[in-house]
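So you know, we letter chains A, B, ... as the sequences are listed, proteins then strands, and number each from 1.
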Protein chains: 2
Amino acid sequence: MTPTRPVDKFDRRRDELAESALTTLGAMGYARSSLREIAGNSPFSHGVVHYYFEDKLELVIYSVRYYKARCVTRYDAVVRDSATAGELVEAFAAKLAQTIRDEAPMHRLWYDLRTQSMFEEGLREAITEIDAALEAMIWRVVDRYAALTGCPPSVTASSAYAMLDGLFQQALLAFTAGGEPVLDGLATQVRAVLPLLVRQGVCDRSPSTSR
Amino acid sequence: MTPTRPVDKFDRRRDELAESALTTLGAMGYARSSLREIAGNSPFSHGVVHYYFEDKLELVIYSVRYYKARCVTRYDAVVRDSATAGELVEAFAAKLAQTIRDEAPMHRLWYDLRTQSMFEEGLREAITEIDAALEAMIWRVVDRYAALTGCPPSVTASSAYAMLDGLFQQALLAFTAGGEPVLDGLATQVRAVLPLLVRQGVCDRSPSTSR
DNA sequence: GACTTCTCTTGACAACTGTCAAGATCGGGC
DNA sequence: GCCCGATCTTGACAGTTGTCAAGAGAAGTC
């Protein structure tokens, strides 16, 4: 019935707790989210956390994994449905801005956890894994863009991800401080940057799709 | 005598405390650095902080400002001394890798605070200001690179900063997990990316300096 | 219906936090 | 030498934290 059917009731509860935890974590950040606060934003009491999770870290990691699992396919529809390079750029830029609008707290949390992983060894493995999945997600976009233009990519997958992630992060930062208006700037930036990620000199005569 | 002479003894002590605070903050991150821990890594006791600073936030902001003031000129020598575009790229890439090697904790702290500023209003003003100074610092490099190649920049200052910052952050992340070896990758990436930041199609016949 | 197992709440614990006040210590001016 | 202000230490405060144990409640089985 549910899109991802939990193996049993136990796993279902874990997901439920993760969902509640994400609300709190997204609003307050990792450091300031206490287990009592997290439980407060859930139908349960603070003690229940230790019934379903070993400790706070396990809950946090489970939660961010739970969220990111749904996210790494965010641009796949864009990749699938765009018939021209121009279309892809616009759809991608729009989707980036949209997710900042809709899910800013989750993105803030992600950057928070990724940064904390540099101080807290225990986070590192999960963060590294998710970051690799995000890199792959972005690469599908860039690779498809390259195919549509008929030009080969000009940078590696990790460079492309790092650069676009940098743009996204700055946009999120600006959005947090300034709200809605800054999002147009992100779209403009993406329109300017994506073409730089393919080698325009050496383009195919017949790109994989019409232009 | 000292390079930057404090107005009086009071300011000198603030700097001294800031220096100690940076040690702790860089090692543990913002959230896990208590005032007692900070004072422990200083010649003073934990109570003295409130003699020199209003509260913890003021100390942290003062400390990061104190550090970043010295940093925003990091690449100015590179900009000044490079006679060719190739030289500039190499010197810039080397300097980026070097500062990760030498000052990783400080960079970790910076990203930590910048992220926390999305959750903690009180940090926002200082962070925004420093980020703008960093953007200007990077722009001096890119602008000079453009001049040396004779090609105009292909992106805005904020895009250039965001992208290079993204690369730097990924390198820092990888360095934290994997150490020294990953730094070669950063240099390679910078060599590939800097040329994308100028419009190679429309280059001047006579770049500002010989090539 | 009794018994067992799963689920959850409550209350407590020790440790830690930022803050601050009371007083010790120090240094320079008279 | 004495005093006064600046400087610093000590100890305490109220609040919060993650963790866990004891037991209440629910659910399912025989």
[N] [atom2] sits how many Å from [X] [atom1], rounded?
{"X": "B:Y52", "N": "D:dC8", "atom1": "OH", "atom2": "C1'", "result": "8 Å"}
{"X": "B:R14", "N": "D:dT7", "atom1": "CZ", "atom2": "C1'", "result": "15 Å"}
{"X": "B:F10", "N": "D:dC8", "atom1": "CZ", "atom2": "C1'", "result": "13 Å"}
{"X": "A:E58", "N": "D:dT19", "atom1": "CD", "atom2": "P", "result": "11 Å"}

Requested in this report: Please work out if A:Y51 contacts a base, only the sugar-phosphate, or nothing of the nucleic acid, heavy-atom cut-off 4.0 Å.
Outcome: base

Query raised in the report: Hey, is A:R14 close enough to A:E58 for a salt bridge, meaning N to O under 4.0 Å?
Result: yes

Report summary line: Assert: residue with more 5' nearest nucleotide on DNA chain D, out of B:F44 and A:K56, is B:F44

Report task. For residues B:G26 and A:F119, report the shortest heavy-atom separation together with the two atoms involved. Result -> O-CE2, 3.3 Å

Query raised in the report: What are the two closest non-hydrogen atoms of B:T176 and B:R108, and how far apart are they?
Result: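 That closest heavy-atom pairing would be OG1-NH1, 2.7 Å.
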
Partners of [X] by side-chain hydrogen bond (donor to acceptor under 3.5 Å, both in side chains), sequence neighbours excluded?
{"X": "B:T99", "answer": "B:R74, B:E103, B:H107"}
{"X": "B:E90", "answer": "B:R191"}
{"X": "A:T24", "answer": "A:N41"}

Requested in this report: Walk me through it: do A:R32 and B:E120 pass the test salt bridge (Lys or Arg N to Asp or Glu O under 4.0 Å)?
Outcome: CA-CA 10 Å; A:R32 297 147 72 92; B:E120 189 147 352; 3.0 Å; yes

Query raised in the report: Hey, can you pull the residues of residues 111-121 of chain A with a non-hydrogen atom under 4.0 angstrom from DNA chain C?
Result: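 The stretch gives none, as no residue of it lies under 4.0 Å from the strand.
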
Query raised in the report: Is the distance from OP1 or OP2 of D:dA6 to the nearest side-chain N or O of B:R13 less than 4.0 Å?
Result: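 Checking D:dA6 against B:R13, no side-chain N or O comes under 4.0 Å of OP1 or OP2.
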
Would [X] and [Y] count as having a side-chain donor-acceptor pair, cut-off 3.5 Å?
{"X": "B:Q189", "Y": "A:S158", "value": "yes"}
{"X": "A:E19", "Y": "A:Y67", "value": "no"}
{"X": "B:S20", "Y": "B:T23", "value": "no"}

Report summary line: Protein-proximity profile, nucleotides 20-30 of chain D, B/S/- by nucleotide at the 4.0 Å heavy-atom cutoff, equals -----------

Requested in this report: Using the salt bridge (Lys or Arg N to Asp or Glu O under 4.0 Å) rule, take A:D165 and A:R114 through it: C-alpha gap first, then chi angles, then the decisive distance, then the call.
Outcome: CA-CA 12 Å; A:D165 187 62; A:R114 197 174 69 174; 2.9 Å; yes

Query raised in the report: Got a sec? Which of residues 16-38 of chain B come in under 4.0 Å of DNA chain D, heavy atoms?
Result: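 Only B:R36 qualify.
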
